[in-house]
Amino acid sequence: MEDFLSQLNKEQLSAVETTEGHIRVMAGAGTGKTKTLTSRYAYLVSELGISPANILTVTFTNRAANEMKSRVRAMLGDLDLGFISTIHAFCTRFLKEEIYRLGYPKNFIVIDTEDQRQMLQRIFADMKITLRDTTMRRTIDQVLEGKKITDDYISEFIRNSSEELLQKIAAEPEKNNQIFLRYLYEQKKNYGLDFNDLINFTGYILNVFPEAREAWQSRMQYVMVDEFQDVSQKQYAIAQTLSAKHGNLFIVGDSDQTIYSWRDAHVQLFLDFDKKYPDAKTIVLKDNYRSTPQILKTANSLIAHNSVRFPKELRALHSDGAKTLYFHAKKPQDEANWIADTMGNLVSQGASLGDIAVLYRSHFMSRGIEEILIQRKIPYRILSGISFYERKEIKDVIAYLRMLTTQDDIAFLRAIQTPSRKIGKKKIEFLKEYAEANRISLYNALLENLDSEIFRGTGAKRFVQAIAATQKGMENKPMDDILDEILDLSGYTEFIRMDAEQDRLDNIAELKQSVAQAAHDPDANLEDFLSRVALYGNLDKEERRNAVKLLSVHAAKGLEYPFVFVTGLSEGLFPSAQIETAEEMEEERRIAYVAFTRAKERLFLSENEGGGDANLSKFPSRFIFESGEENLEFVRPLPDDLRKNALRKIQQSEESLQLLQNLFFVGDRVRHKIFGEGKITAVDISAAAYVVQFDNLKTPRSLQFSAKLEKLPD
DNA sequence: GTATGCTACGTTTTT
DNA sequence: CGTAGCATAC
Ligand SMILES: Nc1ncnc2c1ncn2[C@@H]1O[C@H](COP(=O)(O)OP(=O)(O)OP(=O)(O)O)[C@@H](O)[C@H]1O
């Protein structure tokens, strides 16, 4: 029972036993931060007798939450660990209880990125916008994410009726504003919340409703947050509010592992914790248990190249291993083949395929590897990218289930069109207009027009009948029967069987199984199941033990594998070509650092020059050189000229990043030695020049970026 | 009007 | 790989 304490070192133990107050654990990779947090959880429950219902533990991914739950269960036995979750899953749970305060039903639906895309597509069609110069992704970022950075929209969203929103839409001249308002309207109509809303609405309710705040503050006697370096201001605010009454907030993190700045993470929140809470105690862990000294050398040499950094000590306790192995390939297939060969060697030396992970910066980079693995018949599993519930066929099935409960437009549009029922653009358009005119849902619009000429010869009737028949007496049917019934009656089963792909059938079978399992609980109902589904992430039969794992570095956060291949380490891929500023480059370097530090026994780095065009051929990544060539074992030495050219290119890039680092923005006030004070009126990146209107000069001047300008407060 | 097949294309990262 | 866009078949 308490033997989990004996597995901790002195500092870890002190973090576990210091249960009261504000505690921060700051430590490098592999020092046992997560282990400490998990042990602390077990300690709170088993030694102090705190109920799991009173401990909020926030993890970064669902995978991490599941991992932690299973470790806690291993220590304490079977318990309800619902408050070990991602912040989004917690917010969902919170809102189920509290969102009635905002006039939203507790069976609200969670809108994921794919749903957003489809909603936007419809909005674009309505507004007759073609997306030639903007991509969908960018619109989501700009419009949906951008406008939800502040939570100003919430009170407006709540205060305005759908009616008023429609009026505002009609009156709104600006395109993006109008897209946003239309999106809000759709959301409201369907009682949908997207990922941002989950956080924002939770924060809003905690702020605005003292009873709710009070109740949850009392409930959460202990709040613990893992991976705190990647927490956003809004997420932090929720943790702060919830822990304000009991004053027990425990956070762990590593400032070198901030890799979610693009999602609004601010490492400064972690670094300034002691300023926020002057009573805060900081515990530093220095012993790395995970990796061999050789791996740490590589990783430390790399991260030392970041200039904005909170330096820390890291001592390797692991026994010696082999040097980091680096392979330069000409072509993508060569790299993939080398990886497969090397895996083969590892296995023949006794490793299991399950001990091996392949990490990459972006998903598309997995393709080349996959092809070779299939060719060589090496079993593998992809652990990142689209999750189980994001799969098309699973979303279809969920949409059918929602047609039995919420009957929202989002589910309707999906279900009615898969399989095709001779209902296309025109008929949907008709339903849309009818629904809007009568202020009803699309499904109700269909019901009211079912017998009209328009839907003759379509599958509309069968669709409606399937739903009605399944709904009849639904309360008394087991959930798995309901699922079978709606899929059979609607024709979906037939459709998916014809479509055949075994994978998809397997996934649906998997989902059925999880429905069946949930159905064991006599109180189980569809609505609860659906609300849990939204954020349950990986129902994937993850542990197919003897398979190589392929995943993005971001998804590998917090995980560890004996053998790690970091692939696609070339300039333009990793670091990504999109990088424009020194800060972004430092984040790329942290991503590489996270990748390297996942390895326990040995690290493998590889890269290739790219497929066709010799002019576009890629150089080895700066992160290879920065790892320290003395720390690497080269499978083959790099050709001298390649090495020289790569280093030159990298240096150029670093210099231009430095230059850009001093970049001013339009509107900044600056002082020039000669011209005096002025204002930046334009920035011409390609000419590397500012246009500055100086107060004492009639006409604006164009100045090189390298001109000595000093920034003034506005 | 709707369904389906073909080709070309680009792709950070996740809840 | 997945999907957007277009041409063709029903
Ligand atoms: N005191 C200890 N004795 C032996 N092994 C330990 C000890 N503490 C941690 N470990 C082991 O070290 C490894 C890393 O632990 P953990 O994942 O908790 O580190 P972490 O600090 O959270 O890492 P990261 O920041 O990379 O996520 C695990 O395999 C863990 O079991």
Side-chain angles (χ1 to χ4, degrees), chain A residues 58-65 85-92 110-118 121 124 130-132 135-138 140-141 145 148 193-200 227 230-232 234-235 258-265 359-371 374 382-387 389-392 416-430 454-459 495 498-499 503 534-538 550-557 568 572-580 584 587-588 590-592 594-595:
Chain A
V58 180
T59 62
F60 205 77
T61 62
N62 287 306
R63 183 170 284 117
S85 69
T86 63
I87 186 78
H88 294 88
F90 167 75
C91 290
T92 306
V110 176
I111 299 172
D112 67 16
T113 320
E114 173 62 20
D115 298 328
Q116 285 185 319
R117 235 195 67 240
Q118 285 174 7
Q121 227 151 32
F124 280 10
T130 48
L131 51 163
R132 211 169 313 127
T135 65
M136 204 44 112
R137 244 266 62 86
R138 208 171 325 138
I140 291 179
D141 285 351
E145 303 278 317
K148 288 187 175 181
L193 298 180
D194 61 31
F195 290 131
N196 283 318
D197 298 325
L198 295 175
I199 307 281
N200 290 337
E227 309 279 12
D230 272 325
V231 156
S232 73
K234 285 189 283 193
Q235 296 169 2
T258 303
I259 57 175
Y260 281 86
S261 298
W262 50 275
R263 223 176 75 182
D264 226 17
L359 307 186
Y360 35 80
R361 172 69 240 262
S362 342
H363 292 299
F364 72 92
M365 294 158 72
S366 70
R367 233 179 91 198
I369 314 272
E370 275 186 82
E371 276 166 18
I374 291 170
I382 296 194
L383 297 189
S384 64
I386 40 168
S387 78
Y389 287 104
E390 284 165 347
R391 297 200 148 88
K392 197 169 143 7
I416 194 75
Q417 295 182 100
T418 14
S420 28
R421 297 190 166 81
K422 303 217 178 304
I423 296 174
K425 237 176 160 176
K426 275 280 137 83
K427 294 191 175 67
I428 295 287
E429 186 59 25
F430 166 81
I454 307 161
F455 290 103
R456 184 118 46 104
T458 69
F495 159 77
M498 300 293 263
D499 199 41
D503 267 14
L535 287 150
Y536 242 161
N538 318 287
L550 270 59
L551 63 165
S552 71
V553 181
H554 283 85
K557 188 185 184 42
L573 292 178
F574 195 177
S576 153
Q578 323 251 342
I579 297 316
E580 284 176 341
E584 285 171 348
E587 178 138 326
E588 292 289 297
R590 289 191 294 268
I591 297 171
V594 169

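The chains referred to below are lettered A, B, ... by the order of the sequence lines, with proteins before strands, and numbering in each begins at 1.
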If I take atom [atom1] in residue [X] and atom [atom2] in nucleotide [N], what distance separates them, rounded to the nearest angstrom?
X: A/Ile140; N: B/dT15; atom1: CD1; atom2: P; result: 16 Å
X: A/Phe60; N: B/dT13; atom1: CZ; atom2: C1'; result: 10 Å
X: A/Ile386; N: B/dT13; atom1: CD1; atom2: P; result: 13 Å

Distance from A/Met365 atom CE to A/Leu573 atom CG, nearest 0.5 Å?
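Reported to 0.5 Å precision, the distance equals 5.0 Å.
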Mind checking the CD1-CZ spacing from A/Ile369 to A/Arg367? Nearest 0.5 Å is all I need.
12.0 Å
Position toward the 5' end of DNA chain B (nearest nucleotide), A/Ile579 or A/His88:
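Between the two, 5'-proximity favours A/Ile579.
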Pick the nucleotide of DNA chain B nearest each of A/Phe364 and A/Thr86; which residue has the one closer to the 5' end?
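Upstream on the strand: A/Phe364.
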Between A/Lys148 and A/Asp194 (salt bridge meaning N to carboxylate O under 4.0 Å), is one present in this structure?
yes
Inspect the contact between A/Lys426 and A/Glu429 and indicate whether a charged nitrogen and a carboxylate oxygen are less than 4.0 angstrom apart.
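Not counted as a salt bridge, because no side-chain N and carboxylate O are separated by less than 4.0 Å.
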Can you list everything that forms a side chain to side chain donor-acceptor pair (under 3.5 Å) with A/Asp230? Sequence neighbours excluded, please.
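So A/Asp230 forms a side chain to side chain donor-acceptor pair (under 3.5 Å) with A/Lys557.
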Close N/O contacts between protein and nucleotides 1-4 of chain B (under 3.5 Å):
unit_1	atom_1	unit_2	atom_2	d
B/dG1	OP1	A/Lys426	NZ	3.1
B/dT2	OP1	A/Gly424	N	3.3
B/dT2	OP1	A/Lys427	NZ	3.2
B/dT2	OP2	A/Lys426	N	3.0
B/dA3	OP1	A/Arg421	N	3.2
B/dA3	OP1	A/Lys422	N	2.5
B/dT4	OP2	A/Ser420	OG	3.2

Does A/Trp262 stack onto the base of B/dT13, taking stacking as ring centres under 5.5 Å apart and planes under 30° apart?
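Yes; centroid distance and tilt both under limits.
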Between A/Arg391 and C/dC1, does any side-chain N or O lie under 4.0 Å from OP1 or OP2?
no
With sequence neighbours excluded, what pairs up with A/Arg263 under the salt bridge (Lys or Arg N to Asp or Glu O under 4.0 Å) test?
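Scan of A/Arg263 (salt bridge (Lys or Arg N to Asp or Glu O under 4.0 Å), adjacent residues dropped) gives none.
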Quick one: label [X] by what it contacts on the DNA or RNA (base, sugar-phosphate, nothing), any heavy atom closer than 4.0 Å.
X: A/Thr113; value: base
X: A/Ser552; value: sugar-phosphate
X: A/Tyr260; value: sugar-phosphate

For the side chain of A/Phe195, counting heavy atoms from C-beta on, which of B/dT15, B/dT13, B/dG10 is nearest?
B/dT15
